[in-house]
Amino acid sequence: MQAKAGPLSGIRILDAATFLAAPYAASLLSEYGAEVIKVEQPSGDTMRGIPPLRGNVSTWWKVIARNRQSIALDLNTEEGRAVFKQLVAECDVVIMNYRPAALKKWGLEFGDLVKCRSNIVFHHLTAFGAGPYEQRPGFARVAEAFAGLTNRTGFKDGPPVQSGYAMLGDGIAGIYGAFALMLALRQRDLTGEPQKIDLGLYEPVLSLMEDMIVTYDETGSRMERMGNASPRWAPHGLFPTKDGLFAVIACSTEKLWRQLRGAMGDDALKIYDNDSEGRVTHRAEIEGKVSDWTKRHDLLDLLDVCGKAGLAVGPIYSAEEIVKDPHIIARGSIITVDDPETGKPIRMASPAGRFSGFKGEVRSLGPTVGQHTDSVLSNLLHYSPEHIAALRDKGIVR
């Protein structure tokens, strides 16, 4: 399966990572032309068993393993690792998320991969990256807590609260991983030298929370939990409506504040014009008045009023509202992709962003285990049918 033309056409990625964060980086690059070969253990990737299921097929797997070929290869065997190294020689990028001790045991460290291809790009994602904690396991929840996000989530005087999406840290690391791969590929092309990306799962989350460290450094503040309020701006948060729903209103500029005050028709609030700090100090009073005003409107009416006033406002959507929203439909933010295995199409988010000279594509959904073992080994490594059959008889491939 060759990728269609795109800005990353001609880039071949060997994705030997598991779960979400590291493979997501490959998914993003695949949408713009990169060819991705997924290396799974013969038992199949763990994510294949995660609901929602159609019979015994995970539809989530179908989405996260999009645009991939699957080769089932036992890396626990010396012969399996030998095949893997031959594949490395035919690829531009290798993605793995095994702990350093496992890579050392297998002889699949960066130095070993460079011997297979002298200008290889190796993306190694672990929970903490190289350092004192490099052998510690960890997932998104651990990374979010380690980076300070969990401590800042929740209401004042309440316990820390984890993000509503259990894989938020995975997604952020995947996006950053795709960015890091683009940097490494560019550097490789400029210098001809191999590149290693050593990324800790927590690091992209920490980098996004750049206000936290500088605030602590300057003021000593731990930036404790504030619920839906903002430490920088007010009014800024969730506000109730007459029909029992909520809207997000964000007044993070003086202009937006004045537009909100004008829409409310509350001249008494003029005393807070040109006084962002005063609005934060008197947040309870101001946001109380905003809540009283929003509760006089049904949600759709409030969105219309705020929209006409030029305010930054939005509804609180679930998946049900997302797939029905006319803007999301018109923009194609949700797409439907046919799935030959289950015989029914699957809806998913489309590649983000629209570009003038190219577009992102989901060409296929996640494959079955080892669906492309024969074609990859024969086309890339020129294995004969007899050679592949012998490997399969030994359980090296599936």
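One is the number of the first residue; the rest follow in order along the sequence.
Scanning all heavy atoms of the two residues, the minimum distance from Pro100 to Gln135 falls at CB-NE2, 3.6 Å. Pairing each heavy atom of Met182 with each of Leu8, the nearest pair is CE-CD2, 3.6 Å. Between Gly177 and Ala25, the shortest heavy-atom contact is C-CB, 3.8 Å. Between Ala349 and Ile334, the shortest heavy-atom distance links the atoms CA-CD1, 4.1 Å. Contact between Trp257 and Arg279 at its shortest, heavy atoms only, is CD1-NH1, 3.3 Å. Closest approach of Pro235 and Glu287 over heavy atoms only: CA-OE2, 3.3 Å.
In this structure, the separation between CG on Asp45 and CD on Glu40 is 5.5 Å, given to the nearest 0.5 Å. Atoms CG and CG, from Asp243 and Leu245 in turn, are 4.0 Å apart once rounded to the nearest 0.5 Å. Taking CH2 from Trp106 and NZ from Lys85, the interatomic distance works out to 12.5 Å, rounded to the nearest 0.5 Å. Here the CD1-CD1 distance, from Ile95 to Ile13, works out to 5.0 Å after rounding to the nearest 0.5 Å. Summarising the geometry, atom CD1 belonging to Ile396 is positioned 10.0 Å from atom CG belonging to Leu75; distances are rounded to the nearest 0.5 Å. Between atom CD1 of residue Ile64 and atom CE of residue Met47 there is a gap of 4.0 Å, rounded to the nearest 0.5 Å.
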* Verdict with reasoning, Glu193 to Gln187, per side-chain hydrogen bond (donor to acceptor under 3.5 Å, both in side chains) -> CA-CA 8 Å; Glu193 298 173 351; Gln187 182 71 359; 5.5 Å; no
* To do: Decide yes or no on side-chain contact (heavy atoms from CB on, under 4.5 Å) for Leu185 and Gln195, but give the supporting numbers first.
  => CA-CA 8 Å; Leu185 285 166; Gln195 305 294 322; over 6 Å; no
* To do: Give the intermediate values and the outcome of side-chain hydrogen bond (donor to acceptor under 3.5 Å, both in side chains) for residues Thr342 and Arg54.
  => CA-CA 7 Å; Thr342 64; Arg54 287 182 182 171; 3.0 Å; yes
* To do: Give the C-alpha distance, both sets of side-chain angles, the deciding distance and a yes or no for ring-ring contact (aromatic ring centres under 6.0 Å, His included) between Phe246 and Phe239.
  => CA-CA 5 Å; Phe246 288 86; Phe239 297 92; 9.2 Å; no
* To do: Evaluate the criterion side-chain hydrogen bond (donor to acceptor under 3.5 Å, both in side chains) for residue pair Tyr272 and Glu285; output intermediate values, then yes/no.
  => CA-CA 11 Å; Tyr272 296 114; Glu285 172 196 347; 2.9 Å; yes
* Begin with the C-alpha distance, continue with both residues' side-chain angles, and end with the deciding distance and a verdict on side-chain hydrogen bond (donor to acceptor under 3.5 Å, both in side chains) for Tyr317 and Asp325. => CA-CA 9 Å; Tyr317 270 177; Asp325 184 275; 2.5 Å; yes
* Can you check salt bridge (Lys or Arg N to Asp or Glu O under 4.0 Å) on Arg261 and Asp266, steps first, answer last? -> CA-CA 6 Å; Arg261 180 177 55 72; Asp266 192 337; over 6 Å; no
* Test log, rule salt bridge (Lys or Arg N to Asp or Glu O under 4.0 Å), inputs Arg188 and Asp92 -> CA-CA 10 Å; Arg188 182 203 68 171; Asp92 299 277; 3.0 Å; yes
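Phe84 does not carry Arg81 over the face of its six-membered ring by the limits of under 6.0 Å from the centre and within 45° of the normal.
The neighbour count for Tyr133 OH, taken as heavy atoms of other residues, nucleotides or ligands under 6.0 Å away, does not exceed 12. Within 6.0 Å of atom CG in Asp393, more than 12 heavy atoms from other residues, nucleotides or ligands are found, so the atom counts as buried in its surroundings.
Exactly one of Arg68, Arg363, Arg66 qualifies for a salt bridge (Lys or Arg N to Asp or Glu O under 4.0 Å) with Glu31. That residue is Arg66.
Distance alone, capped at 3.5 Å, places no donor-acceptor pair between the Asp298 side chain and the Leu300 backbone. When atom types are taken as modelled, the side chain of Ser378 and the backbone of Ser375 share a donor-acceptor pair closer than 3.5 angstrom.
Using a 4.0 Å cut-off between charged nitrogen and carboxylate oxygen, Asp170 and Arg141 do not count as a salt-bridge pair. Taking 4.0 Å as the cut-off between side-chain N and carboxylate O, Lys62 and Asp339 count as a salt-bridged pair. Here Lys344 does not pair with Asp338 in a salt bridge; the nearest charged N to carboxylate O distance is not below 4.0 Å. In summary, Asp304 and Lys308 engage in a salt bridge, as defined by a charged side-chain N under 4.0 Å from a carboxylate O. Ionic pairing of Glu79 and Lys394 is present here: one or more N-O contacts between side-chain nitrogen and carboxylate oxygen are shorter than 4.0 angstrom. Looking at Asp74 and Arg398, no side-chain N of the basic residue comes within less than 4.0 Å of a carboxylate O on the acidic one, giving no salt bridge. A salt bridge is absent between Glu109 and Lys104; no separation between the charged side-chain nitrogens and carboxylate oxygens falls under 4.0 Å.
Side chains of Gln162 and Thr153: no donor on one and acceptor on the other come within 3.5 Å.
Below 30°, between 30° and 60°, or above 60°: for His387 and Tyr383 the angle between ring planes is below 30°, a parallel geometry.
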